[in-house]
Amino acid sequence: MAASLLRHVGQRCLWTRLSPSLSMRHVVPMGTAAKEEMAQFCDKNTQSNRPMSPHITIYKWSLPMLMSIAHRGTGVAMSAGVSLFGLAALILPEQFPYYLAFVKSLSLGPALIYSAKFALAFPLTYHTWNGIRHLMWDMGKGFKIPQVYQSGVLVLVLTLLSSAGLAAM
């Protein structure tokens, strides 16, 4: 009985929300005053030769800015890489050992193999160390400008060392 009542009330609430007559009642079209004001604003900017937006050309590039962009980039790159690897595992006809043997049969030089391993390890280690840095910030530590730069350099040094170590394995 209670479940039936709850379902009935839920359906009534849903139909009330989805009803076109009720949802259109609250829509207010953009007034002519707002359109005129936007047109005046655009005309004023055009006449005074102001740029539309300063964008990033006005900012001096700094280490924290670059590291923030790189952190997001490595996160996206690793997500795309894992997704593509998983998709390839589903689509390709052979199992992983076959492709591993194929790469070994190419007889690539040790420098090329080390470089490839370093390129795979670098985003992972950078994202990890910079993530730890962000966790420290979440705890309220290291917000002074000199500390931000010091922790940035520390992240870069740890990234290079750990990437080189992983690539050497």
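Only heavy atoms go into these numbers, but all of them, side chains included; no hydrogens, no water, no symmetry mates.
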Inset, instruction - Measure up the F143 and W137 rings against each other and bin them: parallel (under 30°), tilted (30 to 60°), perpendicular (over 60°). - result: parallel

Going only through I, L, V, M, F, W and Y residues with side-chain contacts under 4.5 Å, is there a path from L84 to F122?
no

Between the CG atom in L100 and the CD atom in Q95, the distance rounded to the nearest 0.5 Å is 13.0 Å

_With clusters defined by side-chain heavy atoms of hydrophobic residues (ILVMFWY) lying less than 4.5 Å apart, directly or transitively, does I132 cluster with L158?_
yes

Heavy-atom closest pair (A168 atom, Y114 atom, distance to 0.1 Å) is N-CE1, 3.6 Å

CD1 of I113 to NZ of K104, rounded to nearest 0.5 Å, is 9.5 Å

Go through it in stages, so that I can follow the logic: the residues are L63 and V153, the test is side-chain contact (heavy atoms from CB on, under 4.5 Å), and I'd like the CA-CA distance, side-chain angles, deciding distance and then a yes or no. CA-CA 9 Å; L63 182 66; V153 170; 4.0 Å; yes

Heavy-atom closest pair (G142 atom, V148 atom, distance to 0.1 Å) is O-CG2, 3.4 Å

Contacts satisfying side-chain hydrogen bond (donor to acceptor under 3.5 Å, both in side chains) that involve residues 143-168 (not counting sequence neighbours) are T125-S163, W129-S162, R133-S151

OG1 (T74) and CG (N130) are apart, to the nearest 0.5 Å, by 7.5 Å

For F41, the side-chain contact (heavy atoms from CB on, under 4.5 Å) test, sequence neighbours excluded, returns N45

Below 4.5 Å, heavy atoms only, C-beta onward: do E94 and F102 meet side chain to side chain?
no

**Prompt:** Can you find a heavy atom in the side chain of Y126 that is under 4.5 Å from one in the side chain of L156?
**Reply:** yes

I want to check something: taking the side chain as every heavy atom from C-beta on, are L124 and T128 in contact at a cut-off of under 4.5 Å? yes

**Asked** Under a single-linkage definition using a 4.5 Å side-chain heavy-atom cutoff for Ile, Leu, Val, Met, Phe, Trp and Tyr, are Y59 and I69 assigned to the same hydrophobic cluster?
**Response** yes

Q.
Grouping I, L, V, M, F, W and Y whenever their side-chain heavy atoms are under 4.5 Å apart, do V155 and L161 come out in a common cluster?
A. yes

Separation between OG (S68) and NE2 (H134), nearest 0.5 Å, reads 6.0 Å

Review point. Counting N and O atoms only, with roles assigned by atom type, does the side chain of K44 sit under 3.5 Å from a partner on the main chain of A39, one being a donor and the other an acceptor?
Key: no

*asked:* In this structure, would F96 and L92 fall into the same cluster of hydrophobic residues linked by side-chain contacts under 4.5 Å?
replied: no

